[in-house]
Amino acid sequence: MPTRPRSVPARAALVLLGAGCYWLAFAPVDCALAGWLALVPVLLAVRGESPGRAFLYGALFGFASPWLITWWLAQAVAHYFGWGMPLAVLAMSAAYLIAVSLPFGLFAAGASVLLRRDGPSASFAIAALWAACELLRARAIGQPWALLGYTQHANVGLLQIASVTGIYGVSFLVALGAAAVARAALVLRHGFWRAAGTLVLPGLVVAAVWVDGAATLPRRSDVPDESFPVVAVQTNAAPSFRWNRGYAERTLLAHVRATEAAPPFERHGLVVWPENALALYLENEPLVAAQLRTLAARQGADLLVGGPRHEGGHVFNSATLLTAGGRDGGHYDKQHLVAFAEAPPLGAPEADEADESPRAFTAGDSAGVLRGVVPLGVSICHEVIYPELIAGEAAAGAELLVNISNDGWLDGGYAIASRQHMAMATLRAIETRRYLVRAATTGVSGVVDPFGRVIDTLDPGTAGVVTAAVAGRRGRTPYVSMGDAFAVVCALVAVAALARGRLPGVAGVPAPAPQPS
């Protein structure tokens, strides 16, 4: 592979190679090593380019990568909105250009400046720039799906840094490794030992974090004495884009039967049904509500169910808690609605009566902490990929994380979206040091321990229940206390490094030749 391609096609090919590595790092391939290599071809491609041209290469990377990773989303859009595939492809292309191409382009433009510098500090500055651009993408643009750090979801030792830095610290380390490899490739022509020297400090940092994280892991068998049982129900019910009474009753019966077939509880526990398990309004169905309370009492467990809720002219995508003692445990209304699919551009219209098959919802405005067997931090569907939302629930007193989801409509049965979704959800357990229980209609349902280790799961496309012993956990991790402070510091470091790198004659950037007077 040439380290400094001169032609536009050669540089573009390197960028697409990087996008291919990014894709390989996520489900269905799930090759973590490819995550460490994804940025290497991109950095080689932008070396020696102007920031403007580098931005275009980065934008190409940011356009190709999400198409490869989330190609399944186009068919979901076409199916949900009743569009033809060409229109869905056009809409998703526009979304990728805005949500991903922009921050990737900014990264590449900045990297082209930082690559002019000598010394190991360049690799750290590039990693900081990457973390800053991910923060921009996640917080300002609101699209954090498939951040680079998630490629390492199975490398549990490395992931423990997330309890301090959030997912951005993991992304920083992966980007640091890639930047070091790219710089080694660029200086290889000057000798093997010089190239090897560029890897030493970044390699030591990554290794130290990895080893330290692995050393903090307790034994899997260490279950606290105050543990209690949880059951996540997965019925594999096919999603319906138009609800009716028959569909609602079939779905309800499937969840009741799966719950009754679960092992009996020896102590007060929790049963979790997924998003849209109820395709009806519980407040308008007193008989159904009474039957569910009886079910909870008979099982000796609190019951958390997902379904719509109507109040004050507004419809909410909600989770409702029914306690084993017959008490109403309250509800949580989804805050991060899916743009266009759940949240129309002009907002959901008020409705005096509840729509039998709602397609427009009002966003909730309060943290999802419900008082059950322990305080539950509830998130609905893709809300679990927003670390600041889940950290806020832990700060508000949640002792157990619960995510309910309906992934069935996402990938049309390919089981790719659901695997990617579950992989990202595991980071929330580490960031907050809480157990995470996830119930999804078609999978992946599972339970994750506070160190990101999967205790048990149900594969996509299967029906059954996941049972495990969990415990409520208190206290605040540094990430819960400080939030995205690490990523903000990375942004400040990147800005300072770029400002220094742009100064003539500083940090390896040659000063311009003097102009004749």
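- Remark: the backbone N or O of Ser366 is paired with a side-chain donor or acceptor of Gln335 at under 3.5 angstrom.
- Between Arg428 and Arg434, every side-chain heavy-atom pair lies at or beyond the 4.5 Å cut-off.
- Glu383 places no side-chain N or O within 3.5 Å of a backbone atom of Leu389 that could act as its donor or acceptor partner.
- Using a 4.5 Å heavy-atom cutoff, the side chains of Pro229 and Arg267 are in contact.
- For His79, the NE2 atom sits in a loose shell: 12 or fewer heavy atoms of surrounding residues, nucleotides or ligands are nearer than 6.0 Å.
- Taking CG of Leu292 as the reference point, atom CG of Leu282 lies at 6.0 Å (rounded to 0.5 Å).
- In this structure, the separation between CG on Leu458 and CZ on Arg438 is 12.0 Å, given to the nearest 0.5 Å.
- Note that SG of Cys133 is 12.0 Å distant from CG of Leu147, once rounded to the nearest 0.5 Å.
- Here CD1 of Ile141 is found 11.5 Å from CD of Glu134. Values are rounded to the nearest 0.5 Å.
- Remark: the backbone N or O of Tyr247 is paired with a side-chain donor or acceptor of Asn244 at under 3.5 angstrom.
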Next on the checklist: The test is side-chain hydrogen bond (donor to acceptor under 3.5 Å, both in side chains); show your working for Thr259 and Trp273 and say whether it passes.
Outcome noted: CA-CA 9 Å; Thr259 302; Trp273 289 6; 2.8 Å; yes
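- Judged by distance alone, the side chain of Gln143 and the main-chain N or O of Val100 form no donor-acceptor pair under 3.5 Å.
- Note on ring orientation: taking the six-membered ring where Trp is involved, the planes of Tyr22 and Phe26 are parallel (angle under 30°, cut-offs 30° and 60°).
- Counting only distance, with no hydrogens or angles, the side chain of Ser101 and the backbone of Ile98 share no donor-acceptor pair below 3.5 Å.
- Proximity of a side-chain donor or acceptor of Ser163 to a complementary backbone N or O of Ile430 within less than 3.5 Å is not detected.
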Checklist entry - For Arg433 and Tyr479, what are the C-alpha separation, side-chain angles and deciding distance, and is it a side-chain hydrogen bond (donor to acceptor under 3.5 Å, both in side chains)? => result CA-CA 10 Å; Arg433 290 287 188 238; Tyr479 180 72; over 6 Å; no
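- Between the side chains of Asn317 and Glu275, at least one donor N or O lies within less than 3.5 Å of an accepting N or O.
- For Glu226, the CD atom sits in a packed shell: over 12 heavy atoms of surrounding residues, nucleotides or ligands are nearer than 6.0 Å.
- The two residues Pro144 and Ile385 make their nearest non-hydrogen contact at CG-O, 3.5 Å.
- Side-chain atoms of Asn403 and Ser379 include a donor-acceptor pair closer than 3.5 Å.
- Scanning both residues, Ala468 and Ile455, for their nearest heavy atoms gives CB-CG2, 4.1 Å.
- The number of heavy atoms from other shown groups lying within 6.0 Å of CZ (Arg257) does not exceed 12.
- Ring geometry, Phe81 versus Trp83: the interplanar angle falls under 30°, so the pair is classed parallel (tilted spans 30 to 60°).
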Next on the checklist: Could you walk me through whether Leu321 and His331 satisfy the side chain to side chain contact (heavy atoms under 4.5 Å, CB included) test, starting with their C-alpha distance in whole Å, then the side-chain angles of each, then the deciding distance to 0.1 Å, before giving a yes or no?
Outcome noted: CA-CA 6 Å; Leu321 181 66; His331 59 263; over 6 Å; no
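- Of the N and O atoms on the side chains of Thr70 and Tyr96, at least one donor lies less than 3.5 Å from an acceptor on the other residue.
- Taking 4.5 Å as the limit, some side-chain heavy atom of Cys381 sits within range of a side-chain heavy atom of Ser405.
- Looking at Ser357, its side chain does come within 3.5 Å of a backbone N or O of Trp243 through a donor-acceptor pair.
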Checklist entry - So Leu295 and Leu303, side chain to side chain contact (heavy atoms under 4.5 Å, CB included) or not? Walk me through it. => result CA-CA 8 Å; Leu295 175 64; Leu303 177 61; 4.3 Å; yes
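- Checked by atom type and distance alone, the side chain of Glu431 pairs as donor or acceptor with a backbone atom of Ile167 at under 3.5 Å.
- Both tests do not hold together for Arg139 against Tyr386: distance to the six-membered ring centre under 6.0 Å, angle to the ring axis within 45°.
- For the pair Asn155 (side chain) and Leu158 (backbone), a donor-acceptor distance under 3.5 Å is absent.
- Here the closest non-hydrogen pair linking Ala64 and Ala19 is CB-CB, 3.8 Å.
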Item to check | Verdict with reasoning, Glu399 to Arg474, per side chain to side chain contact (heavy atoms under 4.5 Å, CB included) | outcome: CA-CA 6 Å; Glu399 298 179 13; Arg474 301 174 183 174; 3.0 Å; yes
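- Residues Gln152 and Leu159 have side chains in contact (heavy-atom distance under 4.5 Å, counting atoms from C-beta outward).
- Screening Asp212, Val170, Val209, Thr216 for a side chain to side chain contact (heavy atoms under 4.5 Å, CB included) involving Gln160 leaves a single residue, Thr216.
- Between the side chain of Asp302 and the backbone N or O of Ala324 there is at least one donor-acceptor pair closer than 3.5 Å.
- If you check the side chains of Asp333 and His314, you find no donor sitting under 3.5 Å from an acceptor.
- Side-chain contact between Pro28 and Ile416: present, with at least one pair of heavy atoms (C-beta onward) separated by less than 4.5 Å.
- When ring centroids are compared, His421 and Trp145 come within the 6.0 Å threshold.
- Atom-to-atom distance recorded for Phe451:CZ and Leu217:CG is 7.0 Å, nearest 0.5 angstrom.
- Residues Asp456 and Val447 fail the side-chain proximity criterion, which asks for heavy atoms closer than 4.5 Å.
- Counting heavy atoms from C-beta on, the side chains of Phe172 and Thr165 never come closer than 4.5 Å.
- Rounding to the nearest 0.5 angstrom, the gap separating the CG atom in Leu498 from the CG atom in Leu106 is 10.5 Å.
- The minimum heavy-atom distance between Gly58 and Phe104, with the atom names listed, is O-CB, 3.3 Å.
- Between His310 and Tyr281, the two ring planes are perpendicular [angle over 60°; tilted spans 30° to 60°].
- Neither side chain, Glu393 nor Tyr332, offers a donor N or O lying under 3.5 Å from an acceptor on the other.
- Taking the side chain as every heavy atom from C-beta outward, Leu401 and Thr432 approach each other to under 4.5 Å.
- Remark: the Asn406 side chain and the Thr441 side chain contain an N/O donor-acceptor pair separated by less than 3.5 Å.
- Separation of the Phe107 and Trp130 ring centroids falls under the 6.0 Å cut-off.
- Scored by the ring pair (Phe, Tyr, Trp, His ring centres under 6.0 Å) test, Phe340 finds no partners at all (sequence neighbours excluded).
- Between Arg359 and Glu342 there is no salt bridge, since none of the side-chain N atoms of the basic residue sits less than 4.0 Å from a carboxylate O of the acidic one.
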Next on the checklist: As a quick check of understanding, evaluate salt bridge (Lys or Arg N to Asp or Glu O under 4.0 Å) for Arg419 and Asp407, giving each step before the final call.
Outcome noted: CA-CA 10 Å; Arg419 294 187 186 277; Asp407 291 346; over 6 Å; no
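- The two residues Ala415 and Pro460 come nearest to each other via the heavy atoms CB-CB, 3.5 Å.
- Taking the six-membered ring where the residue is Trp, the centroids of Phe486 and Tyr168 are separated by 6.0 Å or more.
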Next on the checklist: Please evaluate residues Trp72 and Gln420 with respect to the criterion side chain to side chain contact (heavy atoms under 4.5 Å, CB included), reporting the C-alpha separation (whole Å), side-chain torsions for both, the decisive distance (0.1 Å), and the verdict.
Outcome noted: CA-CA 12 Å; Trp72 38 263; Gln420 293 176 359; 3.4 Å; yes
